[in-house]
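Shown next, in structure tokens, is the structure this report addresses.
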Protein chains: 2
Amino acid sequence: MSPSENNGYSAKRYRTPDGAPADIVIFTIVSSPKNTIQKSLPLRELQVMLIQRKAWPFEGMWALPGGFSKETETLRETAMRELEEETGVENVHCQYLNVYSTPGRDPRGWIISHAFFSMVREELLQHRRAATDAADVRLFSVDEALESLELAFDHRDIIRDALDKLKEEVLRTTLAKQFLPDEFTLGELYQVIRTIIPSFQEDNFIRKLKTTRRQGILEPALDAEGAPVYSTQFSQRPAQLFRFTGNEPEWSIYG
Amino acid sequence: MSPSENNGYSAKRYRTPDGAPADIVIFTIVSSPKNTIQKSLPLRELQVMLIQRKAWPFEGMWALPGGFSKETETLRETAMRELEEETGVENVHCQYLNVYSTPGRDPRGWIISHAFFSMVREELLQHRRAATDAADVRLFSVDEALESLELAFDHRDIIRDALDKLKEEVLRTTLAKQFLPDEFTLGELYQVIRTIIPSFQEDNFIRKLKTTRRQGILEPALDAEGAPVYSTQFSQRPAQLFRFTGNEPEWSIYG
DNA sequence: GGAATAGTGTCTTTAAGACATTATCTA
DNA sequence: TAGATAATGTCTTAAAGACACTATTCC
């Protein structure tokens, strides 16, 4: 049924948008071994994946991966499709961020963009490739992307908004699990949080997460006999492994 | 500069959306005097403003107020414009909720809707009027709207999402201030929260909000001499008035 | 006096926070 | 044995939670 067949209604009475793309801020945490004599936790850096545009507008500039939505899919499906095309990875985290509609934001016309952000573990990003509309694709540290790079469109705003949301949610929700394996040590969790929020410091972090209120959010990893599991991957002394239960923390007022 | 003049680029190579509307979930809390012998806190009910459609599609059904965006404005401006048109009120709360893009959600074509929600104090809603595209406009209790009413489009989903977000944020942020006057008693604040979340119960609510961690969020209202202000509007015994400082609570991990 | 809401006293339990100390394993 | 991270001991202070009690004012 075409619109013009219905009771004289026409959606074309006004100008309509020239496109509805989804842009995706793909975050990853890149680990590099610390230069120490003994086993240690790696150095970690929060990075963002950008593509280099190979066509007008903003040709040659770095931009967020993304693409136009089709009328047969939701914007989430658009984002997931583009995410899989750019990274070669399926079933990863992807979360809606905001809509960007400032007039003139896109020189191609009236184009309202929907931004998503995604947290992908670095080992899943090995197969990234330049899509057909990109000259190159690479990871930049978030600081570099925000401070030194001239970005296409309003993509700097989008990355900043995504980073703000990431910082807020990594403290308030269990979002950090996206950057961790199923079973992890509390030292690793602490490091992930500090990678995203360098100023974060809690002296008794490990003890704190093991006490009452957090039970229900984290649980010890258990082996087949029901005994706690320990790892020496990052330390001499074995560290207890934990997993997320799937519960999200709830908050009471102004607490 | 028209799109077709630029390096052969044309945004019209693909089908483009038929419109980008903003829909607004307008919440209010309606107070009615309790049938008691003495002064008391009012009964309160959370309500939502709906319009009755007078044209295809969904003619005669109740729907969220809203309208199409123009290329010269942001979607937030669209929402604020519609909000002022429907309610006659300016400068009210308005917050982005989500985007709704399920194919087929609008029989008029490919129409991606952007939902906002707004919290308006009931005394500001006296001048509401039916816009030109509405046969009628009225307030419904949120329960009635969600359970008994057949709503146009996917507006039931939108209202449910808005209610969920409202419930979450009224506990986590100072959103409740949108339903309160500048200076209010903690009993009023408690009532507002319980109106939105009936299951909420805190025995020591008033004391709790006056102790340490909350300082910085709420502060006592002071008169010209710097003395605390009390009100007997809802009670025999004078109740201390408070105001929001403007600070938002911060949250530490899993606490 | 009783109705209705505001607010305090008191006690117990739990968590937060600081900071020193010990534990485990390996290069 | 020194290095690196994991974890506990101990002490102090603050907050949570339960629940009984008092306060204020007006009908």
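Letters A, B, ... are given to chains in the order of the sequence lines, protein chains preceding strands, and every chain is numbered from 1. Please read these numbers as outputs of a predicted model, since none were measured by experiment.
Atom CD1 of B:Ile206 is separated from atom C1' of D:dT24 by 14 Å (rounded to the nearest Å). Note: CG (B:Leu209) to P (D:dA15) measures 13 Å, nearest angstrom. C:dG17 atom P lies 6 Å from atom CD of A:Glu202, rounded to whole Å. One atom, CD of B:Glu188, and another, P of C:dT5, lie 12 Å apart when rounded to the nearest Å. Taking atom NZ of A:Lys208 as the reference point, atom P of D:dT8 lies 17 Å away to the nearest angstrom. Distance, B:Phe205 CZ to D:dG17 C1': 15 Å, rounded to whole Å. In this entry the distance linking CG of B:Leu41 with P of C:dG7 reads 11 Å, nearest Å. Between the CD atom of B:Gln240 and the C1' atom of C:dT5 there is a distance of 15 Å, rounded to whole Å.
Side-chain polar atoms of A:Glu45 and A:Thr195 form no donor-acceptor pair below 3.5 angstrom. Inspection of the A:Asp161 and A:Tyr100 side chains reveals an N or O donor paired with an N or O acceptor under 3.5 Å. Using modelled atom types, one finds no donor on one side chain facing an acceptor on the other under 3.5 Å when comparing A:Gln47 with A:Glu122.
Judged by the 6.0 Å distance and 45° axis criteria, B:Arg207 is not positioned over the aromatic ring of B:Phe205.
Every pair passing salt bridge (charged side-chain N to carboxylate O under 4.0 Å, His left out) that includes a residue from residues 186-203 of chain B is listed here, sequence neighbours excluded: B:Glu202-B:Lys208. Residue pairs meeting the side-chain hydrogen bond (donor to acceptor under 3.5 Å, both in side chains) criterion with at least one partner in residues 234-243 of chain A, sequence neighbours excluded, are A:Glu183-A:Arg243.
When each of B:Asn35 and B:Leu241 is assigned the nucleotide of DNA chain C with its nearest heavy atom, B:Asn35 is the one assigned upstream, toward the 5' end. Comparing B:Ser235 and A:Ser235 by the nucleotide of DNA chain D whose heavy atom lies nearest to each, the residue mapping closer to the 5' end is A:Ser235.
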- A correct 5'-to-3' footprint of nucleotides 18-27 of chain C, with B, S and - meaning base, sugar-phosphate only and no protein heavy atom under 4.0 Å, is BB---BBBBB

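Ring to ring, A:Phe184 and A:Phe244 are close: their centroids are under 6.0 angstrom apart.
No contact: A:Leu186 has no heavy atom under 4.0 Å from any strand.
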